[in-house]
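Below: the structure, in C-alpha cells.
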Amino acid sequence: MNSVARQVAGLLDGRRVRDVLVPGWIDRDEQIVEFRPQPLVVWLRLDLGVVRLSAEEQFGSLGVRSGSTPDWSDVPLLAESEYEIALASWSEQLFGDGRGDLAWTGLRSYETDDGHTTVMALDLEGDHTLFVDPTWTFGIRVGNAADERTWVELYGGDRAPRAWWPAASGVAQRPGGAGG
C-alpha cells in the first residue's frame, strides 16, 4: 500500500482544493523585478489548512504533510535566502479563470519497485488534473494531464499507477490497485 498517496487522499477527503502555491524569491537585483520559483515544496491550499508536497530523498520521491499555513523554515534554500520569499498562486494557470474550490475526484501514484511514490496525479472537479513530479532537477515539476501523459511515455515503462478515489465512507482504492 502506498502510504504517501493514501496519506494525500486522506488529507483531501472531505476538503476542497482552493489553490496551488509555489514558493520562490523576489529578485530585485535588476531593473525588472522578477519572481523566481523554487518549487522544492508546493502547497495545496484547501478550504481548511494546507497539504505540503515536497521533493524527498535527493528528489527521488514525494513527501507529504499537513499544516495550517505554508511553512518553509526547514527548506534551507528558502529559509536562508537573502531574497524576499513569496508564494505564487498557480491555480489560474493550471485550472483556468473563474473556478471555485475544487473537490478531488481521483488520485494516481506511480511507484518505484520498493513502494516510494515517484510522481502523482490528482484529478479535480471540472476535468482538471494536477501532476506533481518530484524527480525534476529543480524540485517539483507542477503540471497538468498532458504532463502526466508525457511522463508516462518517457519514464513510466510498464508501471501501472495505483489509483484512489473519494468514497462515501472514506478513501477507497480501485480493485487490483491499477487504474487512471
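Since this is a predicted model, take the numbers as computed values, not measurements.
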I need the L94 CG to H128 NE2 distance, nearest 0.5 Å. 10.0 Å
Taking R28 first and then E34, would you say they form a salt bridge - that is, a charged N and a carboxylate O separated by under 4.0 Å? no
Rounding to 0.5 Å, atoms CG (L78) and CG (L87) come to a distance of 9.0 Å
To the nearest 0.5 Å, tell me how far F131 CZ sits from I140 CD1. 11.5 Å
For T150, the side-chain hydrogen bond (donor to acceptor under 3.5 Å, both in side chains) test, sequence neighbours excluded, returns none
By side-chain hydrogen bond (donor to acceptor under 3.5 Å, both in side chains), D147 pairs with (sequence neighbours left out) none
Would you call E111 and R162 a salt bridge, using N to O less than 4.0 angstrom? yes
Go through the structure and list residues passing side-chain contact (heavy atoms from CB on, under 4.5 Å) with D101, not counting sequence neighbours. R16, R18, D47
Option among V8, V132, T118 that satisfies the side chain to side chain contact (heavy atoms under 4.5 Å, CB included) test with L62: V132
Considering non-hydrogen atoms only, spot the tightest contact between V42 and L21 and give its length. CG1-O, 3.1 Å
Closest approach of P166 to D13 (non-hydrogen atoms, all atoms of both residues): CB-OD1, 4.4 Å
Taking the side chain as every heavy atom from C-beta outward, state whether P134 and V119 have any atom pair closer than 4.5 Å. yes
Between E125 and W104, is there a side-chain heavy-atom distance shorter than 4.5 Å? no
Mind checking whether L102 and F95 have side chains closer than 4.5 Å, heavy atoms only? yes
All salt bridge (charged side-chain N to carboxylate O under 4.0 Å, His left out) counterparts of D74, not counting sequence neighbours: R52, R65
Give a yes-or-no answer on whether the side chains of T105 and D123 include a donor-acceptor pair shorter than 3.5 Å. no
Measuring from T117:OG1 to L107:CG, what's the distance to the nearest 0.5 Å? 8.5 Å
Under the ring pair (Phe, Tyr, Trp, His ring centres under 6.0 Å) rule, collect the residues that match up with W25, sequence neighbours excluded. Y83
I26-I32 co-clustered via ILVMFWY side chain contacts under 4.5 Å: no
I'd like to know if L77 and W43 are part of one continuous hydrophobic network [Ile/Leu/Val/Met/Phe/Trp/Tyr, side-chain heavy atoms within less than 4.5 Å]. yes
Taken to the nearest 0.5 Å, the spacing of L12 CG from Q7 CD works out to 10.5 Å
Is any side-chain heavy atom of P23 closer than 4.5 Å to one of V41? yes
Can you list the residues that meet the side-chain contact (heavy atoms from CB on, under 4.5 Å) rule with Y155, with sequence neighbours excluded? W151
For S91 and D19, which I'm curious about, is there any donor-acceptor pair between the side chains at under 3.5 Å? yes
About how many Å separate CZ of F138 and CZ of R36, when rounded to the nearest 0.5 Å? 12.5 Å
Check L44, T129, V20 against L122 for a side chain to side chain contact (heavy atoms under 4.5 Å, CB included) and give me the one that passes. L44
